[in-house]
Protein chains: 2
Amino acid sequence: MTPQVKETKEILKSHNLKSTPQRVVIYEVMKKLGHASADTIYQEIKSQFHTMTVATVYNVLDSFVGAGLLHRRMSSNNKMYFDVNTYTHCHLYSPETNVYVDYDDSELIRMVGEHLKKRKITNFELTDIDIQLVGNIKQS
Amino acid sequence: MTPQVKETKEILKSHNLKSTPQRVVIYEVMKKLGHASADTIYQEIKSQFHTMTVATVYNVLDSFVGAGLLHRRMSSNNKMYFDVNTYTHCHLYSPETNVYVDYDDSELIRMVGEHLKKRKITNFELTDIDIQLVGNIKQS
DNA sequence: CTTCATGCAAAACATTTGCAAAAAG
DNA sequence: CTTTTTGCAAATGTTTTGCATGAAG
């Protein structure tokens, strides 16, 4: 067992999730990819793990989201995307390629949060701020 | 022809869209609802317009999005939503009920825009800012 | 007239469900 | 041993496609 796998098993345990080979592999892939759709994960895994089906991928991802291990996002190509980073952060999003890139900007988050606190929106209880910067991501 | 319909026809023409009864009705419904899914529009219309099918609703909505008359959004129940307000604005979104409410806050948009201008994100060409405030929308 | 939009049925696609078998703790 | 997860196949729901007919300009 590699140290990464050991770490993943501990993360699962600390989120009250039973450790199964499927869960371990899927979490490893998510760590590698950062953002991915269920099908991307399935394609990535199925060659080494030929008993797995998409249904299991969805099952596992759902359990992760429920436990707060992943966040779920929706993209304009009509697919769910999952995100390993669960702290509040922004995204660069390219509608052309359906690529998400994390954009960390704690000052922006803080600034928006403070602004909203002052605004006191009526009949609304804020739980999360989701800022998406839409545009063209150029490869470097 | 009511004045609203006349106005809708002019809007269509000014966006280089041929005026058809279907397009007129769908745009009227969108103006009334603000945000809606294709199926909501279909349900709203089919009783008065029994030749129309969902395919046509999608067709019409696509042509509107292409012409910049509507914006397309994705919600966490895995459905497209269409939005009549095409200027940059924020949304309150309730994941429980899948309800969107427009939240106009020009100061917030301006503030975020200026912050991002200063940041100069590398390898990224910004075209739109999408701010979604997730939480609980209470009925007033 | 010529081009573009509509209606229809069927296909495609992502996601979910139900249930029996297997694995985890 | 008990509970939860997996694998499978089939179902569901939304969006898209292809093509013939009809309407718009």
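Chain naming here is simple, since letters A, B, ... match the order of the sequence lines and numbering starts at 1 in each.
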Applying ring-ring contact (aromatic ring centres under 6.0 Å, His included) to B:Tyr93 and not counting sequence neighbours gives B:Tyr100
Return yes if a side-chain donor-acceptor contact under 3.5 Å exists between [X] and [Y], otherwise no.
X: A:Ser37; Y: A:Asp39; answer: no
X: B:His91; Y: B:Asp130; answer: no
X: B:Tyr87; Y: B:Asp104; answer: yes

Only pairs at least two apart or in different chains count here, so list each side chain to side chain donor-acceptor pair (under 3.5 Å) that has a residue in residues 17-27 of chain B.
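Matches after skipping sequence neighbours: none remain.
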Salt bridge (Lys or Arg N to Asp or Glu O under 4.0 Å) contacts in which one or both residues fall within residues 77-98 of chain A, not counting sequence neighbours
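As it turns out, there is no salt bridge (Lys or Arg N to Asp or Glu O under 4.0 Å) pair with a partner in residues 77-98 of chain A once direct neighbours are skipped.
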Below 4.0 angstrom, N of the basic side chain to O of the carboxylate: do B:Lys6 and B:Glu10 qualify?
yes
Contact residues, residues 35-43 of chain A to DNA chain C [heavy atom, < 4.0 Å]:
none
Tell me which residues in residues 67-83 of chain B lie within less than 4.0 Å of DNA chain D, going by non-hydrogen atoms.
B:Lys79, B:Met80
Round to a whole Å and report the spacing from NZ of A:Lys13 to C1' of C:dG25.
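Going from A:Lys13 (NZ) to C:dG25 (C1'), I get 9 Å.
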Treat primed atoms plus P, OP1 and OP2 as sugar-phosphate and everything else as base, then score nucleotides 3-9 of chain D 5' to 3': B for base contact with protein heavy atoms under 4.0 Å, S for sugar-phosphate contact only, - for none.
BSSBBBB
Count I, L, V, M, F, W, Y as connected when their side-chain heavy atoms are under 4.5 Å apart, and connections chain through other members. Are A:Ile121 and B:Ile131 then in the same cluster?
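Yes, because A:Ile121 and B:Ile131 connect within a single hydrophobic cluster, where side-chain heavy atoms sit under 4.5 Å apart.
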Cluster check B:Val84, B:Phe82: I/L/V/M/F/W/Y, side chain < 4.5 angstrom:
yes
With B:Leu61 as reference, evaluate B:Thr56, B:Leu69, B:Leu70 under the side-chain contact (heavy atoms from CB on, under 4.5 Å) test and give the passing residue.
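The side-chain contact (heavy atoms from CB on, under 4.5 Å) with B:Leu61 is passed solely by B:Leu70 among B:Thr56, B:Leu69, B:Leu70.
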